[in-house]
Amino acid sequence: MRGSCHCGGVVYEVEPPLRDVVACHCTQCRKVSGHYWAASSVPVTKFRLVESGTLRWFESSDAARRGFCEDCGAALFWEPKPGHWPGDGGPTMHFAPGSLDGPTGLKIAAHIYKEDAGDYYSPEGPPPAPSKAMELHGACLCGANDYSVPGPMGEAGACHCGQCRKISGHYSVSFAVDEGAVTWNRRHDREYPTAAGGRRGHCPDCGSSLWFRDAEGGFWMEAGAFDNPTGGRLTDHIFLAEAGDYYHIDDGLPQWRIRETDGG
């Protein structure tokens with residue numbers, strides 16, 4: 001089975017059987033993916049890099065490192081270091097199922113670090129009522145990007161299109177922001193042009209997803225990069241026609257096969 005980043009600079013192959021997916025809501029995974037991350041895994045002997053010209057690794061902790069595409073910012077891999085291998089097994093490579101090409105045959109088996117989830121959604125079930133927030137603070141995982149925007153976050157939308165799946169590794173959640181109202185305390189981002197004329201911003205050092213600007217100038221920021229409280233609430237899901245086959249939506253919110261104007 002083959003997977004890749006969005007721009008094709010990183011391509012890999014994994015040999016079944018693949019472990020079922022674990023969804024992680026820890027702060028690191030939220031910052032890197034822009035919402036929350038999900039991963040399957042195989043022994044490293046069943047993993048092979050086909051193309052790795054744009055692959056970059058970030059030492060995210062003493063226990064593991066994270067692999068991402070430095071060009072498009074796709075969050076691809078999590079690799080535990082020796083002494084931190086899960087269970088009684090040997091070295092493993094954990095990879096984003098959203099980056100796999102074609103059907104996966106997988107399912108989400110567990111949600112972990114649910115206590116670290118963003119307050120704009122629930123790991124399982126409907127999102128909670130919005131909190132109160134006058135100003136929002138966000139940052140990438142390594143801290144090279146640090147910024148604030150006026151609160152509250154308000155309505156946040158989930159996108160399951162192929163581009164968002166490949167780049168986030170699962171699916172993305174973002175909210176509209178007046179780009180001129182963003183205060184950058186530190187800024188070190190890289191822009192990736194998309195086929196429709198938009199641009200995506202990510203940190204070239206740690207791979208964290210930060211923002212999206214469409215061809216008309218509309219600006220959205222990734223919700224997972226912001227600290228609680230946000231004053232936000234997930235409101236709907238778009239492009240379900242391109243969603244991964246390993247999960248289903250259980251929050252009771254409106255779902256659209258393409259966009260909210262497609263009639264359902």
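Fair warning: this is a prediction, and the values are worked out from it, not measured in the lab.
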Do Glu222 and Leu210 make a side-chain contact, defined as non-hydrogen atoms from C-beta onward lying under 4.5 Å apart?
no

Side chain proximity check, Asp20 to Ile108, heavy atoms < 4.5 angstrom:
no

Nearest heavy-atom pair of Asp205 and Ala144: which atoms, and what distance?
OD2-CB, 4.3 Å

Give a yes or no on whether Tyr246 and Val22 share a hydrophobic cluster (residues Ile, Leu, Val, Met, Phe, Trp, Tyr; joining criterion: side-chain heavy atoms under 4.5 Å apart).
no

Minimum side-chain heavy-atom gap Val10-Phe77 below 4.5 Å:
yes

Once you round to the nearest 0.5 Å, how far does SG of Cys29 lie from NE2 of His35?
12.0 Å

Could you tell me the separation between the OG atom of Ser208 and the CZ atom of Arg30, rounded to the nearest 0.5 Å?
11.5 Å

Using the side-chain contact (heavy atoms from CB on, under 4.5 Å) rule, take Leu76 and Phe95 through it: C-alpha gap first, then chi angles, then the decisive distance, then the call.
CA-CA 6 Å; Leu76 296 167; Phe95 56 91; over 6 Å; no

Among Trp37, Tyr121, Tyr113, find the one that has a ring pair (Phe, Tyr, Trp, His ring centres under 6.0 Å) with His25.
Tyr121

Test of understanding: clusters of I, L, V, M, F, W, Y form through side-chain heavy atoms closer than 4.5 Å, transitively. Do Val14 and Leu49 belong to the same one?
yes

Nearest atoms (heavy-atom pairs only) where Arg65 meets Lys81
N-CE, 4.4 Å

Would Lys114 and Asp116 pass as an ion pair if we require N to O under 4.0 Å?
no

Residues Asp119, Arg233; criterion salt bridge (charged side-chain N to carboxylate O under 4.0 Å, His left out); working and verdict
CA-CA 8 Å; Asp119 66 358; Arg233 189 175 191 270; over 6 Å; no

Decide yes or no on side-chain contact (heavy atoms from CB on, under 4.5 Å) for Met221 and Leu136, but give the supporting numbers first.
CA-CA 11 Å; Met221 302 201 81; Leu136 309 184; over 6 Å; no

Pair Asp251, His237: side-chain N/O donor-acceptor within cut-off below 3.5 Å:
yes

Sub-3.5 Å donor-acceptor pair from the side chain of Thr194 to the main-chain atoms of Gly198, do we have one?
yes

Is it true that Asp245 and Lys107 have a side-chain N and a carboxylate O under 4.0 angstrom from each other?
no

Could you label the plane-to-plane angle of the Tyr36 and His170 rings as parallel, tilted or perpendicular, counting under 30° as parallel and over 60° as perpendicular?
tilted

Is the closest side-chain donor-acceptor distance between His6 and Tyr192 under 3.5 Å?
yes

What are the two closest heavy atoms between Val173 and Ala156, and how far apart are they?
CG1-CB, 3.7 Å

Minimum heavy-atom separation for Phe239 and Cys159, please, with both atom names.
CD1-SG, 3.8 Å

Nearest-0.5 Å distance that lies between atom SG in Cys161 and atom CD1 in Ile167
8.0 Å

Please tell me if the side chains of Ser41 and Leu18 come closer than 4.5 Å, counting only heavy atoms from C-beta onward.
no

Under the criterion side-chain contact (heavy atoms from CB on, under 4.5 Å), I'd like the reasoning laid out for Phe226 against Lys31: C-alpha separation, chi angles, the key distance, then a yes or no.
CA-CA 8 Å; Phe226 286 86; Lys31 284 185 177 293; over 6 Å; no

Can you confirm whether more than 12 heavy atoms, excluding those of Asp62, are under 6.0 Å from its CG atom?
no

Answer with yes or no whether the hydrophobic clustering places Phe58 together with Leu55; edges join I, L, V, M, F, W, Y residues whose side-chain heavy atoms lie under 4.5 Å apart.
no

Worked verdict on Asp71 versus Arg56 for salt bridge (charged side-chain N to carboxylate O under 4.0 Å, His left out):
CA-CA 10 Å; Asp71 280 359; Arg56 183 164 179 177; over 6 Å; no

Is it true that a side-chain atom of Ser172 and a backbone atom of Ser168 form a donor plus acceptor pair closer than 3.5 Å?
no

Ring centres under 6.0 Å, that's the criterion: do His160 and Tyr171 meet it?
yes

Give a yes or no answer on whether the side chain of Arg2 reaches the backbone of Gly102 with a donor-acceptor pair at less than 3.5 Å.
no

Heavy-atom closest contact (Ala75 atom, Val32 atom, distance):
CB-CG1, 3.5 Å

Verify, without hydrogens or angle tests, whether Arg66 (side chain) and Glu79 (backbone) share a donor-acceptor contact under 3.5 angstrom.
no

Following the transitive rule for hydrophobic clusters with a side-chain heavy-atom cut-off under 4.5 Å over Ile, Leu, Val, Met, Phe, Trp and Tyr, establish whether Val42 and Val21 coincide in one cluster.
yes

Main-chain N/O of Glu124 paired with Ser122 side-chain donor or acceptor, under 3.5 Å
no

Asn145 side chain to Ala139 backbone, donor-acceptor under 3.5 Å
no

Arg19 side chain to Ala39 main-chain N or O, any donor-acceptor pair under 3.5 Å?
yes

Lys/Arg N to Asp/Glu carboxylate O, Arg48 vs Glu15, below 4.0 Å:
no

Work out which heavy atom in Phe68 is nearest to a heavy atom in Cys203; give both atom names and the distance.
CE1-O, 4.1 Å

With a 6.0 Å cut-off on ring centres, are His94 and Phe47 close enough?
no

CG-CD1 distance between Leu240 and Ile249, expressed to the nearest 0.5 angstrom:
6.0 Å

Val149 versus Thr183: any side-chain heavy-atom pair under 4.5 Å?
no

In sequence, state the C-alpha distance, the side-chain angles, and the governing distance for Tyr12 and Leu100, and then conclude on side-chain contact (heavy atoms from CB on, under 4.5 Å).
CA-CA 9 Å; Tyr12 67 95; Leu100 290 173; 3.5 Å; yes

Counting C-beta onward and ignoring hydrogens, is there a side-chain heavy-atom pair between Pro126 and Leu253 closer than 4.5 Å?
no

Calculate, to the nearest 0.5 Å, the distance between atoms CE and CG belonging to Met153 and Leu234 respectively.
10.5 Å

Against the six-membered ring of Phe212, is Arg200 placed for a cation-pi contact (under 6.0 Å from the centre, within 45° of the normal)?
yes

I need the Asp236 CG to Trp256 CH2 distance, nearest 0.5 Å.
7.5 Å

Is His202 close to Glu191 at the side-chain level, that is, under 4.5 Å between some pair of heavy atoms?
no

Summary of salt bridge (charged side-chain N to carboxylate O under 4.0 Å, His left out) pairs that have at least one residue in residues 133-160, sequence neighbours excluded
Asp146-Arg186

Main-chain N/O of Gly231 paired with Lys132 side-chain donor or acceptor, under 3.5 Å
no

In the single-linkage hydrophobic clustering (I, L, V, M, F, W, Y; side-chain heavy atoms under 4.5 Å), do Val50 and Met1 co-cluster?
no

